[in-house]
Amino acid sequence: MASIPQKPVQNGTSSLIVGGGTIGISIALHLSDRGYKNITVLDRGEDIPSAYSAGNDVNKIVRADYEDAFYATHALNAIHTWRTSPIFSPYYHHTGYLVASSSSAPLKATSHISRLMTAISSHPNQPRGCLSTISRPTDVRRKVPQLTGLLTGWSGYFNSHAGYARAAPALKALYIELLARGVTFHLGSAGEAVAILPDEETAKSFPAPRPYIKTADKKLHCADVIILALGAHTARLLPAAGAQLTAKSWAVGHVRVSAGEAARLKGMPVVNCRDLGFFFEPVSVDESEQEWLIKLCAHGGGYTNRLGASGSTTSLPPSQVQENDAIPVEDEALIRRLLREALPEFAKRPLERRFMCWCTDTADSEYVIDFVPGFKGLVLAGGDSGHAFKMFPIFGGWVADVIEKGAQDEERWRWKVGSSDGKEEIGWRVGGVKDISEVRSRL
Ligand SMILES: Cc1cc2nc3c(=O)[nH]c(=O)nc-3n(C[C@H](O)[C@H](O)[C@H](O)COP(=O)(O)OP(=O)(O)OC[C@H]3O[C@@H](n4cnc5c(N)ncnc54)[C@H](O)[C@@H]3O)c2cc1C
């Protein structure tokens with residue numbers, strides 16, 4: 001479908017952001033920074049961060065290690081903002097980032113690491129000397145002395161110019177900041193968008209009707225510009241987006257450690273074994289600093305949920321938050337193998353707070369930030385492809401640019417009619433895509 005020309009929106013007009021997750025509240029921040037006053041955010045969660053947000057997590061990797069210099073440049077800007085912004089810097093930890101493959105890694109993982117090293121060393125904005133080659137397990141131990149396992153065959157690199165963000169606390173902090181700036185939030189059933197309805201009046205005046213957003217409390221919301229930032233849930237509200245956005249999930253779990261163990265592991269870089277999974281230094285998740293968790297995530301091609309999405313082949317997350325603490329058996333096995341290899345003292349501990357984290361893959365891992373064809377003033381901001389949390393401080397600026405220009409100039413971020421069949425061969429993902437219904441989960 002040809003894109004319908006959109007009139008640039010002038011500063012000061014009303015904006016409605018549907019979805020107050022990572023991208024949604026980043027947009028609210030950037031619109032507010034640019035002087036927009038009438039900003040409303042809808043989210044189906046009872047609080048921000050919402051239980052349905054991929055960003056509602058203990059921590060996320062912040063790295064500029066991309067094969068593609070375009071994303072590396074943006075990620076370097078994001079790291080700068082994480083480190084210097086008064087809003088974001090309290091939640092960023094510049095620990096460094098170790099990337100390795102184990103002795104059983106497929107060629108795809110090892111060749112991806114080689115290409116990353118070339119990309120990092122040739123990027124003009126990567127700090128000099130940030131990259132060290134890891135050829136053997138002793139090199140790993142030199143960079144990460146906290147690791148006590150055999151690290152069988154581990155090789156790769158260490159990048160000192162990277163780290164991680166405390167994800168849920170950063171989202172919460174920005175939410176509080178936005179409330180203080182006068183941004184309006186409707187949460188729960190008052191914020192749950194259930195339909196996009198074309199306005200009858202503007203529908204008569206071709207080419208495009210204005211959209212209304214209907215919420216679960218039966219209210220209708222409209223604004224000069226409406227931005228959909230619904231993450232993995234986008235195609236539930238906008239089925240046309242399902243052709244380019246595929247909801248996929250990965251398994252997350254946590255190991256509880258004592259305050260003493262946390263002190264021993266303090267400052268540990270993020271460790272990412274490309275064929276097993278990744279983990280972070282322990283962080284305290286309670287105010288009294290008694291409860292410390294190591295977050296771990298299993299690698300793989302991701303799980304779709306097509307067969308569970310009734311009457312459709314589009315992959316969507318389950319409509320309600322997972323309450324059974326279940327992850328696929330093979331993912332728990334991967335996480336345990338990762339622990340045996342790297343931190344064997346924790347390999348037999350229970351995995352707590354297990355959940356499937358849902359995000360949105362596109363066929364080429366490119367974001368989608370563009371006007372939605374067929375409507376006037378409706379923008380889609382999504383297709384995060386599992387790598388957008390690091391961009392949290394800056395993502396909203398790209399969306400504000402599109403709103404103000406009235407078009408997306410960056411071809412790679414345009415609305416795509418093309419397909420994402422969920423089986424796409426993404427260069428940095430190791431493992432095939434499965435449907436969640438095909439695997440056994442363990443409680
Ligand atoms: C396992 C895993 C690990 C990851 N690790 C990293 C990492 O280390 N580094 C990194 O940069 N990125 C990482 N990501 C990716 C990152 O989490 C996402 O890119 C990012 O959170 C996507 O933001 P979003 O705003 O598109 O979606 P979300 O943050 O999920 O926000 C969507 C929002 O829409 C709301 N919503 C849904 N339906 C409705 C509705 N009908 N009405 C109103 N509101 C609704 C939800 O409540 C939610 O708040 C990871 C993702 C996964 C799955």
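Numbers here are sequence positions counted from 1. Both ligands and their constituent atoms are indexed starting at 1 by order of listing.
The nearest heavy-atom contact from the protein to atom 31 (O) of ligand 1 is Gly21 CA, 3.3 Å. Looking only at protein heavy atoms, the nearest one to atom 25 (O) of ligand 1 is Ile23 N, 2.8 Å. What sits closest to atom 41 (N) of ligand 1 on the protein, heavy atoms only, is Ala193 O, 3.0 Å. Remark: minimum distance from atom 44 (N) of ligand 1 to any protein heavy atom is reached at Arg44 N, 3.2 Å. In this structure, atom 19 (O) of ligand 1 lies nearest to the protein heavy atom Asp384 OD2, 2.6 Å. Ile61 O, 2.9 Å is the protein heavy atom nearest to atom 9 (N) of ligand 1. In terms of protein heavy-atom proximity, atom 27 (O) of ligand 1 is nearest to Gly231 CA, 3.4 Å. Residue, atom and distance of the protein heavy atom nearest to atom 13 (C) of ligand 1 are Gly386 O, 3.4 Å.
Those atoms of ligand 1 that come under 4.0 Å of a heavy atom in Glu192, given as number and element, are 42 (N). Annotation for ligand 1: atoms under 4.0 Å from non-hydrogen atoms of Ala388 are 11 (O), 12 (N), 19 (O). Interface of Trp250 with ligand 1, defined as ligand atoms under 4.0 Å from a residue heavy atom, comprises 1 (C). Listed by number with element, the atoms of ligand 1 under 4.0 Å from a non-hydrogen atom of Gly191 are 42 (N), 43 (C). Near Cys359, the atoms of ligand 1 lying under 4.0 angstrom from a non-hydrogen atom of the residue are 53 (C). Each of the following atoms of ligand 1 lies closer than 4.0 Å to a heavy atom of Phe389: 10 (C), 11 (O), 12 (N), 16 (C), 19 (O). Close contacts between ligand 1 and Cys297 involve ligand atoms 1 (C) [criterion: under 4.0 Å to a heavy atom]. Within the listing of ligand 1, atoms 17 (O), 21 (O), 28 (P), 29 (O), 30 (O) sit less than 4.0 angstrom from a heavy atom of Ala54.
Of the heavy atoms in His233, only side-chain atoms (C-beta onward) come closer than 4.0 Å to ligand 1. The side chain of Ser50, and not its backbone, has at least one atom closer than 4.0 Å to an atom of ligand 1 (non-hydrogen atoms only; side chain from C-beta on). Residue Ala229 touches ligand 1 through its backbone alone, judged by heavy-atom distances below 4.0 Å.
Taking a cutoff of 4.0 Å between a charged side-chain nitrogen and a carboxylate oxygen, Glu366 and Lys416 do not qualify as a salt bridge. The existence of a salt bridge linking Asp384 and Lys390 is excluded, since no basic side-chain nitrogen approaches an acidic carboxylate oxygen closer than 4.0 Å. Using a cutoff of 4.0 Å between basic side-chain nitrogens and carboxylate oxygens, Arg181 and Asp33 are scored as salt-bridged. A salt bridge links Arg336 with Glu332: the closest approach of a Lys/Arg side-chain nitrogen to an acidic carboxylate oxygen falls below 4.0 angstrom.
Taken to the nearest 0.5 Å, the CD1 atom of Ile25 stands 4.0 Å off from the CZ atom of Phe392. In this structure, the separation between OG on Ser32 and CD1 on Ile27 is 13.5 Å, given to the nearest 0.5 Å. To the nearest 0.5 angstrom, Lys60 atom NZ is 4.0 Å from Cys357 atom SG.
Taking the six-membered ring where the residue is Trp, the centroids of Phe278 and Trp250 are separated by 6.0 Å or more.
For Asp43, the closest heavy-atom approach to ligand 1 falls below 4.0 Å. The closest approach between Ala232 and ligand 1 stays at or above 4.0 Å for every heavy atom of the residue. Residue contacts with ligand 1 leave out Gly382, since none of its heavy atoms falls under 4.0 Å from the ligand.
By the 4.5 Å heavy-atom criterion applied to side chains, Leu228 and Val379 are not counted as neighbours.
With 3.5 Å as the limit, one finds no donor-acceptor pair spanning the side chains of Thr246 and Ser315. Checked by atom type, the side-chain pair Tyr66/His387 shows a donor-acceptor distance below 3.5 Å. Under 3.5 Å, the side chains of His299 and Asn272 contain a donor-acceptor pair of N or O atoms.
Nearest to atom 39 (C) of ligand 1 by heavy atom, out of Leu230, Val41, Asn56, Ile17, is Leu230. Closest to atom 52 (C) of ligand 1 by heavy atom, among Ser385, Ala216, Cys357, Ala51, is Cys357. Within the set Lys60, Lys390, Lys248, the minimum heavy-atom distance to atom 50 (C) of ligand 1 is found for Lys60.
In summary, of the residues considered (Tyr91, Tyr97, Tyr92), a ring pair (Phe, Tyr, Trp, His ring centres under 6.0 Å) with His94 occurs for Tyr92 alone. When each of Tyr367, Trp413, Phe395 is checked for a ring pair (Phe, Tyr, Trp, His ring centres under 6.0 Å) with His74, only Trp413 meets the rule.
Arg414 places a side-chain N or O within 3.5 Å of a backbone atom of Gln408 that can act as its donor or acceptor partner.
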